[in-house]
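We count ligands from 1, going down the list as the structure has it; atoms in each ligand are counted the same way.
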Amino acid sequence: MERRGLEIRQNIEAIKERIRKAAERARRSPGEVRLLAVTKNASLEDIRAAVDAGIRLLGENKVQTAKTKFAQIGPAVSWHMLGHVQTNKARPAAALFDMIESVDSTRVGDSLSRAARGLDRQLDVLVEVNIGGEEQKFGVDPGSAPGLCEYLEKLPNLRLRGLMAMAPYVPDPETVRPFFRHMRKLFLSLAEGRQGSRWDILSMGMTHDFEVAVEEGATLLRIGTGLFSVPPAGGHA
Ligand SMILES: *Cc1c(COP(=O)(O)O)cnc(C)c1O
């Protein structure tokens with residue numbers, strides 16, 4: 001397991017270096033960009049190795065698998081829910097996760113706020129935007145995001161922090177730059193009039209396209225494969 005731990009540590013360092021370079025190109029401070037490890041396909045051993053290497057933000061797509069992993073990994077980390085929230089899972093989701101990145105309807109918002117109230121807590125949330133207008137993906141269309149944000153802000157037990165988006169998968173990540181740019185515009189326009197609140201998270205960029213996302217203003221990257229997949233044989237000295 002020690003060799004595996006080393007591999008993951010190297011993956012993390014390599015990604016951080018690429019984040020640093022992308023931030024530099026965009027004249028941003030690398031400190032503005034946080035790295036979340038997506039653990040949906042990772043083993044417990046691998047997740048532990050990532051936490052040992054300093055990762056403090058973890059993301060899961062399902063309530064049930066998160067429950068098991070959370071119990072094993074312990075409370076030293078912060079968990080984000082990335083998958084679609086079924087309203088009948090709102091209570092366990094609100095109990096397990098520190099942030100729900102995937103709120104895409106008033107209905108989901110209502111059920112999360114109600115669940116959080118029952119747990120006597122405030123729950124951080126992001127609005128998921130379906131930036132590519134893809135039918136198979138969740139999220140609101142960009143035009144409906146402002147209205148949903150306004151609605152969620154009035155709910156007593158939610159704390160709206162920003163936006164999340166997943167760009168369409170295309171072979172050349174350069175192709176999705178306009179989508180990320182559009183997200184940043186939306187994020188900034190929604191920041192107006194929200195000075196008193198914490199509106200500070202733009203979650204976009206995955207293994208395949210995170211450098212473009214950093215260049216276009218992401219503050220939170222969600223990376224799975226790039227951290228946990230085995231590097232190509234002989235790829236590293
Ligand atoms: C799986 C997943 C990711 C990570 O994708 P990778 O390509 O493995 O980096 C990020 N965000 C969401 C919502 C996901 O479901």
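Donor-acceptor pairing under 3.5 Å is lacking for the side chains of Tyr169 and Asp209. Judged purely by distance below 3.5 Å, without hydrogens or angles, the side chains of Thr39 and Glu60 pair a donor atom with an acceptor atom.
The Ile223 neighbourhood of ligand 1 comprises atoms 9 (O), with distances under 4.0 Å to a heavy atom of that residue. Within ligand 1, the atoms closer than 4.0 Å to a non-hydrogen atom of Met166 are 13 (C), numbered from 1 in the order shown. Atom numbering of ligand 1 starts at 1 in the shown order; those under 4.0 Å from a heavy atom of Asn61 are 14 (C), 15 (O). Residue Gly224 has at least one heavy-atom neighbour below 4.0 Å for each of these atoms of ligand 1: 4 (C), 6 (P), 8 (O), 9 (O).
Thr225 OG1, 2.4 Å is the protein heavy atom nearest to atom 8 (O) of ligand 1. For atom 9 (O) of ligand 1, the nearest non-hydrogen atom of the protein is Thr207 OG1, 2.4 Å.
Ring geometry for Phe70 versus Trp79: interplanar angle of 30 to 60°, hence tilted.
Here the closest heavy-atom approach between residue Asn157 and residue Ser113 is recorded as N-OG, 3.3 Å.
Distances from atom 4 (C) of ligand 1 to the heavy atoms of Leu227, Val38, Leu82 show the closest one on Val38. Ranked by closest heavy atom to atom 2 (C) of ligand 1, the top entry among Met81, Lys40, Arg222, Met206 is Lys40.
Tyr151 has its side chain within reach of Asp110: a pair of non-hydrogen atoms, C-beta onward, lies under 4.5 Å apart.
Atom CZ of Arg107 sits in a sparse spot, with 12 or fewer heavy atoms from other residues, nucleotides or ligands closer than 6.0 Å.
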